[in-house]
Novice: 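Quick one: this structure, given as structure tokens, is what I'll be asking you about.
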Amino acid sequence: MPELPEVECVARALRQALIGRRLDRLDVRFAGVLRPSAAAVRAAAVGRTLVAVHRRGKYLILTFAAGARRQMASVAREGAGRDETHVMVHLRMTGQLFCDPQFRPDAHTHLALDFEGARVWYRDIRKFGRFTVVEDARTPRALAHVGQDMLEIGFAAWRERVASRRAPIKAVLLDQGVAAGIGNIYADETLFGARVHPLTPAAALDGAALRRIYGQARAVLRLAIRHGGTTYLNFLDFRGRPGNFRRKLRVYQREGEPCPRCATPIERRVVAGRSTRLCPRCQPQPPA
DNA sequence: ATAGCGCCCTGGTGGC
DNA sequence: TGCCACCAGGGCGCTA
């Protein structure tokens, strides 16, 4: 499942491969992923040049400017161009956005984005992903409820949002309104690294534990980015290759295996409605 | 304000 | 071997 590191890898690849290129054609095989409609997404993107790719949490925002490449210089000078348009992309569970000349579209391939000189595919087995036309790149209404990116937010701001919550810390880490980008895999890895039980109420954590969680979250996200993300189920990078962070996972998908620190078998349980892996010895249950 | 749940959707799994 | 109920899971909308 793409979380912050996987989306960051996609964002970097999109910037490198496509900035300055015009989208000539959008081939729609399944319109259900396009909001509010295929026509609206076409109007916002086709015939226009990709000028920026922003990421916030697991959201990508593609910014297009009218017409040809030479207009980009003026767009860059003026900052936010007057006639920029924006398409927000969320890959959800199984969305894949990639550029691979060898790829042949299958039943799960919903879009072909034909940029000048590069064909980009959108494939999504469960069809949960969305391309949504939004009105601005930085703070579209659609992201009003989404917090700062987990790699952008400072400790003080994060702590302020976390420390007042009585919900289990794992639920708070998954709450995209607190800070954006952490999903199930990195929540488990973060709490293992910080030696905190996922059921611990956030408000019950002391300053040292909050500091460890914040530091671990950022460290594990950055490490995963360096390794090209985690491939679980079907995440592939922009060139159709699997990320190799999965080997580095210490608890996720490892129930029954020995804890890498103390060899106690990793447990699985349900927290906040999500399957959760933890070491019962390194992450002792908080007193009830 | 906050928490919990059902929904979307499909492939994989386990039971019979 | 075949069929099928069930599960995973991010975000959103609804309810309590």
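Basis for what follows: all heavy atoms, side chains included, without hydrogens, waters or symmetry-related copies.
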Novice: Students often get this wrong, so: under 4.0 angstrom with heavy atoms, is Phe30(A) touching a base, only sugar-phosphate, or nothing?
Specialist: nothing
Novice: Report for the helix from dT2(B)-dA16(C) to dC16(B)-dG2(C): angle between first-end and last-end helix axes, five pairs each, rounded to 10 degrees.
Specialist: 50°
Novice: How long is the line joining CE of Met88(A) and P of dG10(C), in whole Å?
Specialist: 17 Å
Novice: Nearest whole Å is fine: how far is dT2(B) P from Asp175(A) CG?
Specialist: 9 Å
Novice: In this structure, how many angstroms lie between the C1' atom of dG12(B) and the CZ atom of Arg126(A), rounded?
Specialist: 9 Å
Novice: Enumerate donor-acceptor pairs with a distance under 3.5 Å from any side-chain N or O in residues 167-179 of chain A to protein atoms, sequence neighbours excluded.
Specialist:
{"from": "Lys170(A)", "atom 1": "NZ", "to": "Asn184(A)", "atom 2": "OD1", "distance (Å)": "2.6"}
{"from": "Lys170(A)", "atom 1": "NZ", "to": "Asp188(A)", "atom 2": "OD1", "distance (Å)": "2.6"}
{"from": "Lys170(A)", "atom 1": "NZ", "to": "Ser275(A)", "atom 2": "O", "distance (Å)": "3.4"}
{"from": "Lys170(A)", "atom 1": "NZ", "to": "Thr276(A)", "atom 2": "OG1", "distance (Å)": "2.9"}
{"from": "Asp175(A)", "atom 1": "OD1", "to": "Gly177(A)", "atom 2": "N", "distance (Å)": "2.8"}
{"from": "Asp175(A)", "atom 1": "OD2", "to": "Arg165(A)", "atom 2": "NH1", "distance (Å)": "3.2"}
{"from": "Asp175(A)", "atom 1": "OD2", "to": "Arg165(A)", "atom 2": "NH2", "distance (Å)": "3.0"}
{"from": "Gln176(A)", "atom 1": "OE1", "to": "Gly181(A)", "atom 2": "N", "distance (Å)": "2.8"}
{"from": "Gln176(A)", "atom 1": "NE2", "to": "Leu174(A)", "atom 2": "O", "distance (Å)": "3.0"}
{"from": "Gln176(A)", "atom 1": "NE2", "to": "Ile182(A)", "atom 2": "O", "distance (Å)": "2.8"}

Novice: Have a look at Gln176(A) and say if it touches a base, only the backbone sugar-phosphate, or nothing, with a 4.0 Å heavy-atom cut-off.
Specialist: sugar-phosphate
Novice: In terms of side-chain geometry, is the basic nitrogen of Arg119(A) or Asp114(A) positioned less than 4.0 Å from the acidic oxygen of its partner?
Specialist: yes
Novice: If the cut-off is 4.0 Å, is Arg268(A) near the phosphate of dA8(C), judged by side-chain N/O to OP1 or OP2?
Specialist: yes
Novice: Is any side-chain N or O of Arg165(A) closer than 4.0 Å to OP1 or OP2 of dA3(B)?
Specialist: yes
Novice: Can you find a side chain N or O atom of His145(A) that sits less than 4.0 Å from OP1 or OP2 on dG11(C)?
Specialist: no
Novice: Verify the contact: side-chain N or O of His90(A) to OP1 or OP2 of dC12(C), cut-off strictly under 4.0 Å; return yes or no.
Specialist: no
Novice: Over how many whole Å does the gap from Leu91(A) atom CG to dG11(C) atom C1' extend?
Specialist: 13 Å
Novice: Give a yes or no on whether a donor-acceptor pair under 3.5 Å exists between the nucleobase atoms of dG11(C), that is its base, and the side chain of Arg130(A).
Specialist: no
Novice: Please determine if a side-chain N or O atom of Arg274(A) lies less than 4.0 Å away from the OP1 or OP2 oxygen of dG10(C).
Specialist: yes
Novice: Starting the side chain at C-beta, find the nucleotide from dC12(C), dA3(B), dC9(B) nearest to Tyr59(A).
Specialist: dC12(C)
Novice: Quick one: which of dC12(C), dC9(B), dG9(C) gets closest to the side chain of Met93(A)?
Specialist: dG9(C)
Novice: Would you kindly give the CZ-to-P distance between Arg92(A) and dG11(C), to the nearest whole Å?
Specialist: 7 Å
Novice: Side-chain N or O of Thr94(A) versus OP1/OP2 of dT10(B): is the shortest distance under 4.0 Å?
Specialist: no
Novice: Just checking Arg161(A): base, sugar-phosphate only, or nothing, at a heavy-atom cut-off of under 4.0 Å?
Specialist: nothing
Novice: Is it true that a side-chain atom of Arg56(A) and a backbone atom of Gly147(A) form a donor plus acceptor pair closer than 3.5 Å?
Specialist: yes
Novice: Between His145(A) and Leu143(A) (side chain of the first, backbone of the second, donor and acceptor by atom type, cut-off under 3.5 Å), is there such a pair?
Specialist: no
Novice: Kindly state whether the pair Phe128(A) / dG10(C) counts as stacked, where counting means centroids closer than 5.5 Å and planes tilted less than 30° apart.
Specialist: yes
Novice: Would Arg218(A) and Leu151(A) count as a side-chain contact (heavy atoms from CB on, under 4.5 Å) if you check the C-alpha gap in whole Å, the side-chain angles of each, and the deciding distance to 0.1 Å?
Specialist: CA-CA 6 Å; Arg218(A) 293 162 64 92; Leu151(A) 289 180; 4.1 Å; yes
Novice: From NZ of Lys127(A) over to P of dG9(C), roughly how many Å is that when rounded to an integer?
Specialist: 22 Å
Novice: Any side-chain N or O of Lys58(A) under 4.0 Å from OP1/OP2 of dG10(C)?
Specialist: no
Novice: Which residue in the set Thr63(A), Val89(A), Leu62(A) passes side chain to side chain contact (heavy atoms under 4.5 Å, CB included) when paired with Val53(A)?
Specialist: Leu62(A)
Novice: Rounded to the nearest angstrom, tell me the gap between atom OH in Tyr122(A) and atom P in dC9(B).
Specialist: 13 Å
Novice: Is the shortest distance from a Lys or Arg side-chain nitrogen in Arg277(A) or Glu255(A) to a carboxylate oxygen in the other one below 4.0 Å?
Specialist: yes
Novice: For Arg222(A), is the CZ atom crowded, meaning more than 12 foreign heavy atoms sit under 6.0 Å from it?
Specialist: yes
Novice: CG of Asp124(A) versus P of dG11(C): gap in Å, rounded?
Specialist: 14 Å
